[in-house]
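Scope of the values below: all heavy atoms of this structure, side chains included, with no hydrogens, waters or symmetry mates.
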Amino acid sequence: MNIKSISQILFFSFVLIACKQTDKNENNNPKITLSDPLPSWNDNANKKAIIDFVTKTTTEGSEDFIPVADRIACFDNDGTLWSEQPMYFQLAFAIDQVKIMAKDHPEWNNKEPFKALLEDDMEKVMNGGEQALLQLVAASHAGMSTEEFDKNVADWIKTAKHPKTGKLYNEMVFQPMIELLHYLQSKDYKTFIVSSGGIDFMRVWAEKIYNIPSYQIIGSSIKTKYEVGENGVTKLIKLPELNFNNDKEGKPVGIHQHIGKRPVLAFGNSDGDYQMLQWTTTAKDYPRLGLILHHTDAEREWANDRDSHIGKLDKGLNDATKNGWLLVNMKEDWNKVFPK
């Protein structure tokens, strides 16, 4: 069983600052003070197209002007705002959580798939198939209150490090994308995360890193129930049942359910984002911009597309030009990848 299978299970079970950002205006948007709002982007056609789009849609009197209320920009997270190799970071969280929780579950030492995981035998874990992974996911994401889960994520994101780079996972964000988010926010664009990743997982840390509040995050979710304890304390309990899968065709649905408006800009990196870009750019009322990040830099990050087990980009690569989407080439378009 490969990582692609793991990621699919996580989706369906769920369980799974550059521009020196600066002062914030009264709308809590970063104020861009540098003459170049995108310093980590090389001066080429894609950078110019982005700046031209933002300029014409935010300049009063322009025939392409978009009112503030309709300036909606949606971004995928995994592989678009931060890295996603060699496995989805939320999967790394699930694995680490099971190991942390093991001290309170001595029975796991003799129970699969926990025994294999605690012995770092990932091949055996994966050979256990869907049922094995569902058990790991349920243990790390469900059966607890939302407050307990939030604390687990917050503690993990502060200390967990990427196996290849040694960076904290929250340092694996893409500096050019942080700049783009801040640039849009400074021009009164409302920026949303639209990810197949877990909505509760992202909400814990995304506001601090991206300046995107929790109510502007759309993701996959598991069911939750309301409880009142004997002492009158109220809580929400996470259940091991899928509520919504925010991937592929689910992304336009999630956007509609959460926002109620079609975006004018969408940015993704894989075929899982295809429908979001398609839905965004086929509307005719305002100018539209679709962008795909193509991972082409094996030296500074990863080079992957058609054959990747994570973040596969095939149909989007074929259709980008036909659909008028910009293909952002990481190696050619970015002079910097990570903040540090």
Side-chain angles (χ1 to χ4, degrees), residues 11 38 41-42 44-58 62-66 70-81 84 174 176-177 180-181 183-184 187 189-197 218 245-297 302-308 310-334:
F11 290 158
L38 303 174
W41 292 71
N42 291 324
N44 56 23
N46 281 335
K47 178 176 179 176
K48 182 179 186 300
I50 292 169
I51 293 176
D52 287 349
F53 178 84
V54 175
T55 300
K56 73 181 183 181
T57 59
T58 60
S62 166
E63 63 180 8
D64 294 318
F65 179 77
I66 298 176
D70 293 326
R71 294 180 198 167
I72 306 296
C74 291
F75 291 78
D76 171 56
N77 183 53
D78 294 315
T80 301
L81 296 180
E84 63 180 355
F174 299 137
M177 298 303 292
L180 178 55
L181 288 173
Y183 178 40
L184 290 168
K187 297 296 184 178
Y189 269 86
K190 289 184 178 64
T191 52
F192 290 79
I193 293 175
V194 182
S195 172
S196 60
I218 304 169
N245 179 34
N246 193 61
D247 194 31
K248 299 179 180 178
E249 295 87 352
K251 289 198 172 189
V253 175
I255 291 169
H256 174 72
Q257 290 177 340
H258 284 255
I259 305 175
K261 290 187 176 184
R262 198 180 295 219
V264 296
L265 183 153
F267 206 139
N269 78 293
S270 75
D271 287 348
D273 304 309
Y274 191 99
Q275 290 83 359
M276 176 175 72
L277 271 71
Q278 186 179 50
W279 192 63
T280 297
T281 57
T282 52
K284 304 298 183 184
D285 51 346
Y286 294 128
R288 304 277 164 169
L289 184 61
L291 306 99
I292 297 176
L293 177 58
H294 189 190
H295 291 257
T296 57
D297 199 326
W302 277 268
N304 59 272
D305 45 46
R306 299 186 192 276
D307 298 322
S308 179
I310 290 178
K312 180 178 180 179
L313 178 62
D314 187 20
K315 184 175 174 59
L317 206 55
N318 292 338
D319 295 350
T321 300
K322 177 183 70 175
N323 293 338
W325 302 339
L326 298 183
L327 268 177
V328 175
N329 185 308
M330 180 181 285
K331 188 173 184 178
E332 295 179 1
D333 286 325
W334 291 358

If you look at every heavy atom in [X] and [Y], which pair is closest and at what distance?
X	Y	value
Cys74	Ile255	SG-CD1, 4.1 Å
Asp76	Leu81	O-CG, 3.3 Å
Glu332	Asn44	O-ND2, 3.5 Å
Leu291	Leu277	O-CD2, 3.5 Å
Val328	Asn46	CA-ND2, 3.7 Å
Trp279	Pro263	CZ3-CD, 3.6 Å

Kindly say whether [Y] contributes a backbone atom to a donor-acceptor pair with the side chain of [X] at under 3.5 angstrom?
X	Y	answer
Arg71	Lys187	yes
Thr296	Lys331	yes
Lys251	Gln275	no
Asp247	Ser196	no
His295	Gly79	yes

Can Tyr189 and Thr57 be counted as having a side-chain donor-acceptor contact under 3.5 angstrom?
yes
Would Glu84 and Asn269 count as having a side-chain donor-acceptor pair, cut-off 3.5 Å?
yes
Do the non-hydrogen side-chain atoms of [X] and [Y] ever get within less than 4.5 Å of each other?
X	Y	answer
Asn323	Tyr274	yes
Pro287	Val264	no
Trp325	Gln278	yes
Asn318	Arg306	yes
Asp297	Trp334	no
Leu289	Leu326	yes
Leu38	Ile51	yes

Using side chain to side chain contact (heavy atoms under 4.5 Å, CB included), reason through Leu313 and Asp271 one step at a time and then give a plain yes or no.
CA-CA 5 Å; Leu313 178 62; Asp271 287 348; 3.8 Å; yes
Please walk me through it: do Phe267 and Thr191 pass side chain to side chain contact (heavy atoms under 4.5 Å, CB included)?
CA-CA 11 Å; Phe267 206 139; Thr191 52; over 6 Å; no
Lys56 NZ: over 12 foreign heavy atoms closer than 6.0 Å:
yes
Residues, nucleotides or ligands: over 12 heavy atoms within 6.0 Å of Asp307 CG
no
Taking the basic N atoms (NZ, or NE/NH1/NH2) and the acidic carboxylate oxygens, is any pair closer than 4.0 Å for Asp333 and Lys47?
no
Before giving the answer on side chain to side chain contact (heavy atoms under 4.5 Å, CB included), spell out for Met330 and Phe174 the whole-Å C-alpha distance, their side-chain angles and the decisive distance to 0.1 Å.
CA-CA 10 Å; Met330 180 181 285; Phe174 299 137; 4.1 Å; yes
Would you give the length of the straight line joining atom [atom1] of [X] to atom [atom2] of [Y], rounded to the nearest 0.5 angstrom?
X	Y	atom1	atom2	value
Asp70	Ile72	CG	CD1	7.0 Å
Asp305	Ser270	CG	OG	11.5 Å
Ile259	Lys190	CD1	NZ	10.5 Å
Phe53	Leu265	CZ	CG	5.5 Å

